[in-house]
**Student:** 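Handing you a structure now.
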There are 2 protein chains.
Amino acid sequence: MTAMCPKSKHRHCEAWQLLVRFSFEQRSTLPALAAELDLSPAQCHLLNLIEPDRPMPMGELAGALSCDASNVTGLVDRLESRGLVQRSPSPEDRRVKVLSLTPLGARIRAALLDRMTSAPPTLGKLSAADQRALARILRQLLD
Amino acid sequence: MTAMCPKSKHRHCEAWQLLVRFSFEQRSTLPALAAELDLSPAQCHLLNLIEPDRPMPMGELAGALSCDASNVTGLVDRLESRGLVQRSPSPEDRRVKVLSLTPLGARIRAALLDRMTSAPPTLGKLSAADQRALARILRQLLD
DNA sequence: TATTGTTATACTCTATAACTATA
DNA sequence: TATAGTTATAGAGTATAACAATA
């Protein structure tokens with residue numbers, strides 16, 4: 001049976017609906033998890049995007065966060081004042097500032113991702129084969 | 001130091017990491033999608049939790065949102081002033097107020113879920129069998 | 001006394017518009 | 001002129017503490 005809704009002109013599928021439901025549940029769990037590291041959800045999102053040794057221009061960051069550039073300024077101000085990230089002028093274009101993690105920022109980011117991606121007990125409900133299949137399918141989807 | 005130490009005392013699995021990555025991507029796409037309906041992400045989260053004809057006490061809502069009760073007050077104030085939700089006193093316990101969708105609120109909620117769960121083009125990369133498998137596995141996981 | 005929801009307060013998050021310094 | 005980032009401003013989201021009404 002397909003999960004189509006006859007009143008909608010859009011196509012739906014159950015898999016996508018479940019993924020959306022998952023993301024709403026994550027929206028509930030992230031704040032408490034982030035608070036353990038004195039981070040807000042928005043700060044987690046930003047830290048997640050800055051990989052160690054991969055500086056990123058502020059503007060690119062705003063694009064990746066899908067928010068206004070002026071918002072990134074304040075977000076970075078607070079992270080920089082805590083010593084988690086660092087602004088550096090770009091050598092190529094002096095208008096651009098690239099953002100990088102400090103060693104402390106890299107540690108906090110690693111701790112965050114460690115907590116976020118640690119498998120919850122509910123995952124044990126899946127067989128090993130299903131866990132592999134889920135990873136394989138999501139890999140395709142998120143490519 | 002532990003900065004570059006990949007060791008963790010937590011268990012991880014790739015499937016869960018991919019789900020977390022998906023939820024971060026949702027955090028980027030929701031604001032624009034919500035704005036089409038003049039909603040904020042937080043308002044979307046709240047509306048998602050209130051099913052039509054299923055009134056919910058304010059306190060229960062705070063629990064489901066994993067936020068403080070005082071936060072729900074303001075959130076509901078704004079939705080109520082737009083005529084999307086309605087507070088009613090509970091007949092059993094006069095301290096409690098239950099929240100329900102107005103007819104307009106139910107329509108907005110339906111439009112929101114329709115947009116959020118409409119399958120994106122990327123889903124076409126999956127075979128029909130993989131889409132079914134993904135749905136089956138997620139159903140188990142989110143049960 | 002304990003609980004539900006609100007108010008007061010102080011932050012952070014976010015967008016818009018105006019500004020600066022580059023290009 | 002156009003672009004990258006900031007500042008100023010305003011409103012929304014969020015938590016803490018104190019409070020009112022009810023249990």
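Keep in mind the model is a prediction, meaning the values are calculated, not measured. To find a chain, count down the sequence lines: A is the first, B the second, and so on, and within it residues start at 1.
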**Student:** In whole angstrom, give the distance that lies between atom CG of A:Leu61 and atom P of D:dT6.
**Tutor:**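 It is 11 Å, rounded to the nearest whole Å.
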**Student:** Between C:dT4 atom P and B:Leu99 atom CG, what is the distance in whole Å?
**Tutor:**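 For the pair B:Leu99 CG and C:dT4 P, the rounded distance is 16 Å.
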**Student:** Rounded to whole angstroms, how far apart are CG on A:Asp68 and P on D:dG5?
**Tutor:**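 To the nearest whole Å, that distance equals 12 Å.
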**Student:** Distance check needed: C:dC13 P versus A:Leu47 CG, whole Å only.
**Tutor:**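 Atom-to-atom, A:Leu47 to C:dC13, this comes out as 11 Å.
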**Student:** Give each protein N/O atom lying under 3.5 Å from an N/O atom of nucleotides 21-23 of chain C, with the pair distance.
**Tutor:**
{"from": "C:dA23", "atom 1": "OP1", "to": "A:Arg94", "atom 2": "N", "distance (Å)": "3.0"}

**Student:** Using atom types as modelled and distance alone, determine if a side-chain donor or acceptor of A:Ser90 lies under 3.5 Å from a backbone N or O of A:Lys97.
**Tutor:**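 A pair under 3.5 Å: no.
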**Student:** Check whether any side-chain N or O of A:Gln131 sits under 3.5 Å from a backbone N or O of B:Cys13 as a donor-acceptor pair, and report yes or no.
**Tutor:**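 Checking the backbone N and O of B:Cys13 against the side chain of A:Gln131, no donor-acceptor pair under 3.5 Å is found.
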**Student:** Going by heavy atoms in the side chains, are B:Gln26 and A:Gln26 under 4.5 Å from each other?
**Tutor:**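 A side-chain contact under 4.5 Å is absent here.
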**Student:** Output the residues of residues 21-44 of chain A in contact with DNA chain C, where contact means a heavy atom of the residue under 4.0 Å from an atom of the strand; sort by number or write none.
**Tutor:**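 Residues of residues 21-44 of chain A under 4.0 Å from DNA chain C: A:Ser40, A:Ala42, A:Gln43.
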**Student:** With a 3.5 Å cut-off and sequence neighbours excluded, list the donor-acceptor pairs that the side chains of residues 17-25 of chain B form with protein atoms.
**Tutor:**
{"from": "B:Arg21", "atom 1": "NH2", "to": "A:Leu142", "atom 2": "O", "distance (Å)": "2.6"}
{"from": "B:Ser23", "atom 1": "OG", "to": "B:Val20", "atom 2": "O", "distance (Å)": "2.8"}

**Student:** Given atom NZ of B:Lys97 and atom C1' of D:dA20, what is their separation to the nearest angstrom?
**Tutor:**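 Going from NZ in B:Lys97 over to C1' in D:dA20 covers 11 Å.
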**Student:** Is any side-chain heavy atom of B:Leu99 less than 4.5 Å from a side-chain heavy atom of B:Leu46?
**Tutor:**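 Side-chain contact under 4.5 Å: yes.
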**Student:** Under a 4.0 Å heavy-atom cut-off, which of residues 69-84 of chain A touch DNA chain C?
**Tutor:**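 Hits under 4.0 Å, by residue number: A:Ser70, A:Asn71, A:Leu75, A:Arg78.
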**Student:** Test side-chain contact (heavy atoms from CB on, under 4.5 Å) on B:Thr29 and A:Ser66 and set out the steps.
**Tutor:** CA-CA 7 Å; B:Thr29 61; A:Ser66 296; over 6 Å; no
**Student:** Want to settle it: does B:Cys67 or A:Pro57 sit nearer the 5' end of DNA chain D, counting the closest nucleotide to each?
**Tutor:**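 Looking at the nearest nucleotide for each, A:Pro57 comes out on the 5' side.
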**Student:** Can B:Asp114 and B:Arg107 be counted as an ion pair, charged N to O under 4.0 angstrom?
**Tutor:**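 No.
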**Student:** Per the salt bridge (Lys or Arg N to Asp or Glu O under 4.0 Å) rule, what does the pair list look like for residues 60-69 of chain B, sequence neighbours excluded?
**Tutor:**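 Matches after skipping sequence neighbours: none remain.
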**Student:** Roughly how far, to the nearest 0.5 Å, is the CG atom of A:Leu113 from the CG atom of A:Asn48?
**Tutor:**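 The CG atom of A:Asn48 sits 5.5 Å away from the CG atom of A:Leu113.
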**Student:** Using the salt bridge (charged side-chain N to carboxylate O under 4.0 Å, His left out) criterion, which residues pair with A:Arg54? Sequence neighbours excluded.
**Tutor:**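 A:Arg54 satisfies salt bridge (charged side-chain N to carboxylate O under 4.0 Å, His left out) with A:Glu51 only.
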**Student:** Looking at every non-hydrogen atom in both residues, tell me the closest pair between A:Asp143 and B:Lys125 and how far apart they are.
**Tutor:**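 Closest approach of A:Asp143 to B:Lys125, heavy atoms only: O-NZ, 3.2 Å.
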